[in-house]
Amino acid sequence: MVEQGGGARGPERRRQDIADIVLSAGSVSAAGLAERFGVSLMTIHRDLDELARQGVVRKHRGGVTAQPSGVFESSVAFRMKSMRPAKDAVAALAVEMIEPGMAVMLDDSTTALALARRLAGVAPLTVVTNFLQAVNLLSAERDIRLMALGGDYDPLHDSFLGVSCVDAIEALNVDLCFVSTSAVSGGFAYHQEQRIVSVKRAMLGAAARSVLLIDHSKLSRVALHRVAPLSAFDRVIVDDGAGADALRELDEHKVAYELATA
């Protein structure tokens, strides 16, 4: 087979194209990618190994996926593209809780990033976050005092994690904390990764009030680690795409939730 996409930048261009396809489709087969790009299956697997190393995709038997599982979180690039209207609706309702002069903490979720885009309208504020995309977004806002949480940079989440991040959070006391999570079921919030869980728990402990922001795709799902009981949150905000069974479960656990109109 004659492999296409040669030249010094050929593999890089092909890997970017592969990443775009996987992020758009969610999951694809290695054989399908090899046929599409006119390269060998071995070449595709080398590309996928590199993209997996970068945290962009996750390999599985016969193919690759950008979608999360109960054990693996999806990359920030995939999360940025998914459920955007629902996340915007949740953010629009969440921002109503914020008053000028408050200190607000945001986690590294793309739902919290949707909220960050609305914060200039309620400034002046102090905003604390470990999410690099939120830092870049808010750094240009003159009326927002921005505090970036340091730690070990994680490219999969585009955020800072680890012991030093937790230590920095525990030294603070904010008015409101907004976090999201990968799964909600049985009266608990869940996430796939222990290092993410420790940061979210520290954020909840550093806030006078905490709010869980979730789109409806997170409901009736579980992941490997429990983050916290839903009773630990002062409010849960979910978009109105949530099904009747999922909302009934929230009611059964006496969860204080609000529905955001998408």
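These numbers come from a predicted model, not from an experiment. The basis for the numbers below is simple: all heavy atoms, side chains too, and nothing from hydrogens, waters or symmetry mates.
Membership of the apolar cluster around Val227 extends to Val197, as traced through chained side-chain contacts below 4.5 Å between ILVMFWY residues.
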**Report entry** Full working for side-chain contact (heavy atoms from CB on, under 4.5 Å) between Leu250 and Leu230
**Finding:** CA-CA 9 Å; Leu250 294 180; Leu230 297 183; 3.8 Å; yes
Query raised in the report: Checking side chain to side chain donor-acceptor pair (under 3.5 Å) for the pair Ser198/Arg201: CA distance, chi angles, key distance, verdict?
Result: CA-CA 5 Å; Ser198 61; Arg201 286 178 178 171; over 6 Å; no
Query raised in the report: Run the side-chain contact (heavy atoms from CB on, under 4.5 Å) check on Leu204 and Phe233 step by step: do they pass?
Result: CA-CA 8 Å; Leu204 298 181; Phe233 298 93; 3.6 Å; yes
Report task. Begin with the C-alpha distance, continue with both residues' side-chain angles, and end with the deciding distance and a verdict on side-chain contact (heavy atoms from CB on, under 4.5 Å) for Val184 and Val238. Result -> CA-CA 11 Å; Val184 170; Val238 61; over 6 Å; no
Report task. Would you please test Asp152 and Arg195 for salt bridge (Lys or Arg N to Asp or Glu O under 4.0 Å) and show each step? Result -> CA-CA 11 Å; Asp152 298 321; Arg195 56 187 173 165; over 6 Å; no
Report task. Could you check Leu146 against Val135 for side-chain contact (heavy atoms from CB on, under 4.5 Å), going step by step and ending with a plain yes or no? Result -> CA-CA 7 Å; Leu146 181 61; Val135 170; 4.0 Å; yes
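When all heavy atoms of Leu172 and Val128 are compared, the closest pair comes out as CD1-CG1, 3.7 Å. Between Met83 and Ser217, the shortest heavy-atom contact is CG-OG, 4.0 Å. What you find for Ser182 and Lys218 is that their closest heavy atoms are O-CD, 3.3 Å. Ala183 and Ala223 get closest at one heavy-atom pair: CB-N, 4.0 Å. Nearest heavy atoms, Gly101 versus Leu125: N-CD2, 4.1 Å. Considering every non-hydrogen atom in both Ala206 and Ile169, the closest pair reads CB-O, 3.6 Å.
Formation of a donor-acceptor pair under 3.5 Å by the Ser210 side chain with backbone atoms of Val179 is not found in this model. Judged by distance alone, with hydrogens and angles left aside, the side-chain atoms of Asp175 form no donor-acceptor pair with the main-chain N or O of Val104 at under 3.5 Å. In this structure, Asp239 contributes its side chain and His216 its backbone to a donor-acceptor pair below 3.5 Å. Thr111 contributes no side-chain N or O that, together with a main-chain N or O of Lys87, makes up a donor-acceptor pair within less than 3.5 Å. Formation of a donor-acceptor pair under 3.5 Å by the Glu249 side chain with backbone atoms of Gly186 is found in this model. The main-chain N or O of Leu149 is never found under 3.5 Å from a side-chain atom of Asn130 such that the two would form a donor-acceptor pair.
The hydrophobic cluster containing Val236 does not contain Phe188, counting ILVMFWY residues as joined when their side-chain heavy atoms lie under 4.5 angstrom apart, directly or transitively. Under the 4.5 Å side-chain heavy-atom criterion for ILVMFWY residues, no single connected hydrophobic cluster contains both Met105 and Ile144. Under the 4.5 Å side-chain heavy-atom criterion for grouping Ile, Leu, Val, Met, Phe, Trp and Tyr, Leu106 is connected to Val122 within one hydrophobic cluster. Hydrophobic clustering (ILVMFWY, side-chain heavy atoms < 4.5 Å, transitive): Val211 and Tyr257 are in distinct clusters. Neither Ile237 nor Leu259 shares a network with the other; the hydrophobic side chains, linked directly or stepwise wherever heavy atoms of I, L, V, M, F, W or Y lie under 4.5 Å apart, form separate groups for each.
Evaluation of the side-chain hydrogen bond (donor to acceptor under 3.5 Å, both in side chains) rule for Lys200 yields Asp107 as partners, not counting sequence neighbours. Listed by chain and number, the residues in a side-chain hydrogen bond (donor to acceptor under 3.5 Å, both in side chains) with Thr181 amount to none (sequence neighbours excluded).
Distance CD1/Ile98 to CG/Leu119: 5.0 Å, rounded to 0.5 Å. Here the straight-line distance linking atom CG of Asp245 with atom CG of Leu219 works out to 11.0 Å at 0.5 Å rounding. Between atom CZ of residue Arg117 and atom CG of residue Asp88 there is a gap of 7.0 Å, rounded to the nearest 0.5 Å. Atoms CE and CZ, on Met203 and Phe178 in that order, are 12.5 Å from each other to the nearest 0.5 Å. Here CG of Asp108 is found 8.5 Å from SG of Cys165. Values are rounded to the nearest 0.5 Å. We find the CG-CE distance between Asp234 and Met97 to be 7.0 Å, quoted to the nearest 0.5 Å.
With Phe37 as the aromatic partner, Arg14 does not meet the cation-pi criteria of under 6.0 angstrom to the ring centre and within 45 degrees of the ring axis.
Counting heavy atoms from C-beta outward, Asp17 and Arg36 have side chains that stay 4.5 Å or more apart. In this structure the side chain of Tyr190 never reaches within 4.5 angstrom of the side chain of Leu224, judged on heavy atoms.
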